[in-house]
Amino acid sequence: MNYNQILKKGENFLKENNIKNSCLDVELILSKVVKIKREEILLNVNNKLKNSDIIKFENYLLRRIKKEPMAYILGYKYFWKYKFLTNKSVLIPRPDTELVIEEALQYLPNNKSKNILDIGTGTGCIIISLKKERPKCRATAIDISIKAINVAKTNAKIHQLENKINFINIDIDKYKSNNYDLIISNPPYISSVELSRLDDDIKFHEPKLALSGGFDGLRDLKKVIKKSKSLLKISGKLILEIGHKQKNQCLKLLNENKFFINRISKDLSGKDRCIISTKLQ
Ligand code: GLN
């Protein structure tokens with residue numbers, strides 16, 4: 001069987017099983033199996049496959065029809081300017097989260113050594129992207145999941161930041177270090193009802209720990225806001241990713257904790273997604 005034939009066959013198989021983007025998915029899967037860039041596959045469609053590669057390809061398709069996300073099958077996801085190793089222990093980085101990076105960079109001058117903390121780092125996509133953009137920053141990232149910390153450390157190493165970011169496996173409630181200029185967090189913020197309505201790809205494959213914010217989705221946002229009050233310096237900034245229906249509750253929580261609201265930014269689909277605030281006292 002050649003590339004062209006297996007791509008056609010694979011695409012039909014995914015289509016029959018109601019997988020959207022079937023054409024792109026099979027091209028990426030074939031590219032992983034034969035270890036050739038996707039563009040080159042398309043230029044060499046008459047190349048023949050080894051039997052062992054056909055079996056690998058079929059096994060990946062069987063995973064995909066069970067709605068396993070492509071980022072777990074391929075083992076990576078692009079975020080900001082980089083490729084991040086991704087597995088089922090961590091949330092898949094989302095394009096909307098790049099908004100957090102854009103906002104954070106505005107508070108991180110190039111020549112200053114600001115002290116920054118990422119709460120719930122997952123793949124490490126936020127802190128690694130920031131450290132790449134602002135190498136002078138002192139960067140710390142925490143996560144309650146040791147598996148996530150290990151993925152984040154590996155990603156840091158891949159991006160030549162081994163030992164340049166302090167990764168700590170700890171629950172935010174137990175974390176004591178303070179004096180941060182900037183805290184960023186994309187905590188789990190999905191409510192129980194929303195969780196039950198998510199696509200199967202997300203609901204059955206991504207870690208609940210990284211998605212679920214308890215009954216109302218606010219459990220971890222509350223923790224992060226309260227805790228940031230003691231971890232930040234006066235005038236330090238808190239940049240939070242939120243669920244688009246959580247703006248008012250989050251503003252209330254921030255006000256109660258004496259934060260000044262600088263701005264609320266919208267995501268790529270125009271929904272409120274990020275709150276930038278300042279610790280006043
Ligand atoms: N900080 C990581 C991200 O934004 C993980 C977030 C999470 O696990 N909730 O992708």
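Just so you know, ligand 1 is whichever comes first in the structure, and atom 1 is the first atom listed for that ligand.
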May I ask you to identify, for T123, whether its side chain, its backbone, both or neither come under 4.0 Å of ligand 1 on a heavy-atom basis? neither

Checking heavy atoms under 4.0 Å, the part of C125 that sits near ligand 1 is side chain

If I apply the N/O under 3.5 Å rule, does A210 come out as touching ligand 1? yes

So, do Y72 and T86 sit near enough that their side-chain heavy atoms are less than 4.5 Å apart? yes

Does a side-chain N-to-carboxylate-O contact under 4.0 Å join K81 and E133? yes

Tell me: protein heavy atom nearest atom 4 (O) of ligand 1, and distance? N186 ND2, 2.8 Å

Hydrophobic cluster identity match, Y3 and Y60, side-chain contacts under 4.5 Å: yes

Identity and distance of the protein heavy atom lying nearest atom 2 (C) of ligand 1: T121 O, 3.3 Å

Quick one: does F79's side chain get under 4.5 Å of S129's, heavy atoms only? yes

So for ligand 1, is G120 a polar contact partner (N or O within less than 3.5 Å, distance only)? yes

Is atom NZ of K8 surrounded by more than 12 heavy atoms (other residues, nucleotides or ligands) closer than 6.0 Å? no

Test your reading of the structure: does T97 have an N or O sitting under 3.5 Å from an N or O of ligand 1? no

Check ligand 1 against I126 and write out every atom of the ligand that is under 4.0 Å from a heavy-atom position of the residue. 1 (N), 4 (O)

Just by distance, with hydrogens left out, do N155 and T123 show a side-chain donor and acceptor under 3.5 Å apart? no

